[in-house]
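First comes the structure, then the notes that go with it.
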Amino acid sequence: MTNKAASDLSLSRVFVMTLKRDLLLAYRRRNDLVSPLVFFLMVATLFPLGVSPEPQFLSEVAAGVVWVAALLSTLLSMDSLFRSDFDDGSLEQMLLSPQPMALLVVAKVCAHWMISGLPLTIMSPLLAVMLFLPSEGLSALVLTLLIGTPTLSLIGAIGAGLTVGLRKGGVLITLLVLPLYIPVLIFGTGAVQAATGGLPIAGYLAILGAILALGIVLAPLAIAAALKISVSN
Amino acid sequence: MTNKAASDLSLSRVFVMTLKRDLLLAYRRRNDLVSPLVFFLMVATLFPLGVSPEPQFLSEVAAGVVWVAALLSTLLSMDSLFRSDFDDGSLEQMLLSPQPMALLVVAKVCAHWMISGLPLTIMSPLLAVMLFLPSEGLSALVLTLLIGTPTLSLIGAIGAGLTVGLRKGGVLITLLVLPLYIPVLIFGTGAVQAATGGLPIAGYLAILGAILALGIVLAPLAIAAALKISVSN
Amino acid sequence: MAKSWKMPKWFYQLGSPRWFYDISSRLLPWFVIAAVVLLTVGMVWGLAFAPADYQQGNSFRIIYIHVPAAVLAQSCYILMAIAGAISLVWKMKVADMVAKSCAPIGATIAVLALVTGAIWGKPTWGAWWVWDARLTSMLILLFLYIGVYTLHTTIENDISAGQAGAVLSLVGLVNIPIIKYSVEWWNTLHQPATFTVLEKPSMPAEMWIPLAIMVLGFYCFFAVSLMLRTRVEILHREKRAGWVQQMIEEQ
Amino acid sequence: MSRPLLDVKDLFCERDDRVLFENLSFSVSRGEVLQIEGPNGSGKTTLLRILSGLSKAFEGELIWNGQALADVRDDFLEALLYFGHLPGVKATLTPEENLRWYAALHPQTDSITERIFDALSNVGLYGYEDVPCHSLSAGQNRRVSLARLYLSRAPLWILDEPFTAIDKRGVAAIEALVETHSQNGGSVILTTHHDLAIKGLRQVHLGGENSTEWGTSGGGK
Amino acid sequence: MSRPLLDVKDLFCERDDRVLFENLSFSVSRGEVLQIEGPNGSGKTTLLRILSGLSKAFEGELIWNGQALADVRDDFLEALLYFGHLPGVKATLTPEENLRWYAALHPQTDSITERIFDALSNVGLYGYEDVPCHSLSAGQNRRVSLARLYLSRAPLWILDEPFTAIDKRGVAAIEALVETHSQNGGSVILTTHHDLAIKGLRQVHLGGENSTEWGTSGGGK
Ligand code: HEM
Ligand SMILES: Nc1ncnc2c1ncn2[C@@H]1O[C@H](COP(=O)(O)OP(=O)(O)OP(=O)(O)O)[C@@H](O)[C@H]1O
Ligand SMILES: Nc1ncnc2c1ncn2[C@@H]1O[C@H](COP(=O)(O)OP(=O)(O)OP(=O)(O)O)[C@@H](O)[C@H]1O
Ligand SMILES: [Mg+2]
Ligand SMILES: [Mg+2]
C-alpha cells in the first residue's frame, strides 16, 4: 500500500469513527432523537392554536409554517453540537490530533443532520397533512427540506463554533445564524408555493442546491477556524 | 428584635441577594440581555418571510405570531435557568443552605422574568406595528403579555428543574413545558382577538391572572422539589 | 486557516498601530473639512433647491439621506470583511481594530437607512414596513452588524474576538450580492413590487448631482468616524506601548 | 456534651449492583477530624453525599445530635458546611461577588464585607478580588471556594478532596485551618489522597474487593 | 541526535496586564522529564497550552526539531500527546468507547482492541469497560483519560496535573510509566503539585511576585 493510500484510508476511518461516535452519543440520550421532531411537531401545533384552525387558512400558510418550524428546530439543536465537546475537553483533543479539523467537523455536522434534518424531512409529510397542505406541494416540500436542512446544519455549525467558547452561546447563536438562514427559508417556501400554484420548481431547487454546494465547500473551513478561535480564547 | 422578625429580615435579604446575583450574572454577559429580544424579533421576522408579507393577512395573524414568538423565546432561554448552577455546584450549595429552597427559586425565576418576559412585553408594541396589528388590539397584547410571561417563566422553570440533572435537557424541556404553555397561549391570543373585535377582555385577563396566581403559589414548591430530585439523582 | 503567507516588510509596517495613528492624525482635519462642506452643500441643495418630484412632491427629498446611508452601509460591511480577512491571514493589528470599529458605525448607518426608508415608505406605500427584498436583506445586514459587534464585545480576549468577528463577517459577505440582486429573485417569488425604485436614469441632473455630493459627504463622514474610533481602540490596546506612554506624558 | 454530633449506623449502599459499603457504622464528635479513606471508586464521595443529605440512595440510620437526621434537617443544615467536588464558583462573577452571595445564604450578623476580604487574603487571593473567576487558574478557582472555610461558623465541615489543584503551601494552610477548627470544638469529615499530618486524626477505611485497584502491571507498555 | 526536541526561546506571556513569564527559555531533549513547577496561578497551564499550540497569546519562539513550530505543526501534532485539565471523556460513553475514538484520532496499525483493554486494565478499570463514565467516580474518570498514556506512541507527552484525584497507588504507577517512557527515549513535560521521585528530573520554576502565595495568616479564623 502506498503512503498516500494508507493515509486516505485512515482519513476515511477517522470520518466514520467520528460519525459513529456522534450517532452513538445521540442514541445514548434517546430523548434527543425524538425531541427535535417533537419540537417541530409542537411549533406546527401551536400555530393553528395561536392563530386560526380553519383548514382554508391553514392550507395557505402550511408550507411557510412547516419550513419555519424546521428552521427553528434545527436552530434549537445547534447549540449542543460542539458544546459538550468543548466542556469536557474533547474539542481540545480534536484540535491536537493529527487529523484535519475540517474533516472531523464535517463528520460531526453529518451526524447532526442525520439526527435532526433527516428525520424532520421524513416526518414532514405528516405535518403537511395536519396543516392541509395541497397535495401538489407535498413532493416540493420534501425535496426542498432534503436539500435545505443540510445547509441549515452547516450554517448553524458556524454559529455554534463561534459561540461555543462563550459561557452561554445558546441565544447568541440565534442572532448570528438566523440572518443567514433567511435565504434558505425564502427559496424553500417559494418552491412549495410555486408547486402548489402549478409552476415549475427546478429553478428554486437549483438555487438551493447551489447554496448547499457553497456551504459544503466553505462552511467546514469556517467552522474549523471558528473552533480554533474559540478554544484558543 | 424578635427572632421571627430577624429571620424574616434574613429571608428578604437572601431573596434580594439572589435576585441581584442573577441580574448581575445576566448583566455580565450583556448579550444575553439583548438576545431573547432579538430572537423574539427574528421569529416575528421569519414569519412574514416564510408565509406571506401582505399587510392585510399579517394584521389578522399578528396577535398569534407575537404570542407564539414570545412563548418560544421564553422557552429557549429557560434551559439555562438552572443549568449553570447545576454544572458548577451552586445548586448543591443552595440545597444545603439553611434557606428555604422555594424562596431562592422564586428569586431566580423573578430575575429570569426581568431579563426575558419584561423586556419582551416592553418591545411588543414595536412588533405589533411591524405586523400591522390593528391598534385596538395593542393594549390587550401588552396587558396579556404582562400577565402571561411570568406564568411562562414559572411553568418553564418546573421543566428546567426536572431536566437539569440530565446530561442534555435542552430539547427535552420543550416537551415537558410546551403542553402547559398552551392554555396561556390560547387565552392570550383570545384576549387580543376579542379586543380587535371590540369585545371586552376582562374575562380573559381574569383567567390569565388566575393562572398566574396559581403558578405563583404552586410552582415554587414544584420547582424546588424538582431540583432536589435532579441533584440527588 | 491556511498558513500565513509571508508578505514584504513594508506591508506589516503599514499595519502598525503607530503608523496608522500618525497618518490618521494628519488626514483627519482634511476629512472633517470635506465632510462638513460636502454635507452642507448637498443638504442645502437637495432640500432647498432641487426640484420637487412630480409624483411624490417634497417627500422624495429624504432620498438625500436614504440612498447615501443605504449605499454606505453596504460599503462599510465590505470594508469590515476585508479588514477582518487581512487580520485573520496576516495577523495585522490595525486591520483588526478597523474591523472592530466598522461594526457599530455600520450598524448605525444601516439603522439610518432603515429608518429613513421607513419614513419614506409611509407616504409612498402607505405603510412603514413592507416585506420586500431590499428591506429584508437590509435588515439582515443590520443583524449581521449586530452579530459581529456582539462577538467583539462578548469575547474577552481581543485577539479571539477579532478573529471570530472576521469569520462571521466573511461568512456574511454572501448577503451583499443578495441585497443587490434579490430584488429580481424576490419579484419572481412573491407578488411583483408595486413600486420600482430603480428607474433612476430618468432622474434629472438637478436631482442626482446633490445626491452624488451627499454620497461623497457620507463617505467622508464615515472616514472621520472610523478613524476616530480606531484611534481610541489603538490607544486602548497599545496603552502600554512606549510611544503611547510617551504621548500621554507629553500631554 | 459527650453525645456524638453525628452518628452513622449500619449504612448500606450499592450502585449498579456493586455494594460500596455494608454495615458501615461510625460517629463523629465535637473536636474530631475524621478522614474517609480508600482508593478511587471506593465510595468516599457517595458516602459524603449521603451524610450531607444530597443523596438518598442508602439504607441505614443517620443520627444528628441524638435525633434522626431527616427530622432535624433544618438544624443540621444550619450547622453544616459542605465542600464538594464542584466548587460552586460562578465563572463570570468575581471572587468577592461569589463569596458575598454565599454569605447571604448563610446569614451572620457581623460585618461581612470585612470577613470576605479577610478570607480572600487568607487563601492568597489578595489583589484578585475583582478579577472574574474565569480568568483565574484551576487552583485559584478552588481557593475561591475554599475561602468559605474561613467565612463559615458551622460546626460540622464535610470536605470532599479539598486539596485538589492546590499547591503545597496551600495544602499546609488548609490542614492547619482544619486543625484549628477541631481544636475550637468543630468536627470535620474529609476525604483526600494526600497524607494528613493532623493530630488525633481518625480514619474510616472504605473499599474492599469492589474498589478500583491499580493494575500491578502498571509501568509496562 | 543531540539537537533538543523542543526548544523554547525568550517566551513572554501576560494576561490581564500581569506578566506571567518573561525571557523564559528552556529546551527538552529526548529522554528527558521536565517538571514545570510553581504555585497556583503562576502560569503552568498557560505555558503548557502555549507549547501545545492551543493558545497563541504569547511572544517568543517555539522550535520543534530545529524548525519553527508553526511551520511543522503537522509533524508536531503527530508526535504529541496532550493531557489537559479537562479529561476529554464523554460521560455517556463507556471507557472502551471513549478510548476507541481517541485511538481513531491517533491511528496506529496494530491490533487496537487488545491494546485498549490492556490500557484499561493497566489503569485499574478492568471490569468497568462497559460502565458509562457518568457512573464512575472522579478518580476513575481521570483514569479513563490516563489510559491514553498507555495507548500512545507519541514521543512528546505534555501532562497538566495528571495526578489530580488519583489515589496513591495510581500516582506511583503513573510515575513509573513516565519514567519508562523517558527511558525509552520519550520526553515528558508535566506539572503537578506532588513531589516526584523520578530520576534525572529537571525543573523549570515559574512564578515571581505575580503568583498567588498563600496568606501567612492561614489557620486563624
Ligand atoms: C425601510 C425601508 C427601506 C430600505 C431598507 C431601503 C433600502 C435601500 C437600499 C439598501 C438601497 C441601496 C441600493 C444600492 O445599493 O444601490 C436603497 C436605494 C434606494 N431606495 Fe430605498 N429602502 C427603503 C425604503 C425606500 C422607499 C420607501 C423609497 C421610495 C419610495 C426608497 C427609494 C430608494 C431609491 C430611489 C433608492 C436609490 C436606488 C438606487 O440607487 O439603486 N427606498 N434603498
Ligand atoms: N482566560 C484567562 N484570561 C485572563 N487571565 C487568565 C486566564 N486564565 C488564566 N489567567 C491568569 O493567568 C495566571 C496563570 O494561570 P494558569 O492557569 O496558567 O496557572 P497555573 O500555574 O496552571 O495554576 P494552577 O496551579 O492553579 O493550575 C493566573 O494568574 C490567572 O489569573
Ligand atoms: N451516578 C452513579 N451511578 C452509578 N454508580 C455510580 C455513580 N457515581 C458513582 N458510582 C459508582 O460508585 C462507586 C463509588 O464512587 P465514588 O464517587 O463515591 O468514589 P470515590 O471514593 O469518591 O472515588 P474517587 O477517589 O475517585 O473520588 C464507583 O465505583 C462508581 O462506579
Ligand atoms: Mg470522590
Ligand atoms: Mg493549572
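Each chain gets a letter, A, B and so on, in the order the sequences are listed, and its residues count up from 1. All figures in this text were calculated on a predicted structure; none of them were measured in a lab.
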* Asked: OH of Tyr126(D): more than 12 outside heavy atoms within 6.0 angstrom?
  -> no
* Structure fact -> OG1 (Thr192(D)) and CG (Asp167(E)) are apart, to the nearest 0.5 Å, by 11.0 Å
* Closest non-hydrogen atom pair between Arg18(D) and Val131(E), with its separation -> NH2-CG2, 3.3 Å
* Are any non-hydrogen side-chain atoms of Ser135(E) and Asp16(D) less than 4.5 angstrom apart? -> yes
* Structure fact -> On a heavy-atom basis, the closest approach of Gly41(E) and Ser137(D) is N-OG, 3.3 Å
* Asked: Step by step, would you call Arg143(D) with Asn40(E) a side chain to side chain contact (heavy atoms under 4.5 Å, CB included)?
  -> CA-CA 9 Å; Arg143(D) 281 161 184 249; Asn40(E) 288 142; 2.7 Å; yes
* Asked: Atom CZ in Phe163(E), atom OG1 in Thr164(D): separation rounded to 0.5 Å?
  -> 14.0 Å
* Might you point out which heavy atoms bring Ala165(E) and Glu161(D) nearest each other, and give the distance in Å? => CA-OE1, 3.8 Å
* Structure fact -> If one checks every heavy atom of Val178(E) against chain D at 4.5 Å, the contacting part turns out to be neither
* Minimum side-chain heavy-atom gap Asp195(E)-Lys168(D) below 4.5 Å -> yes
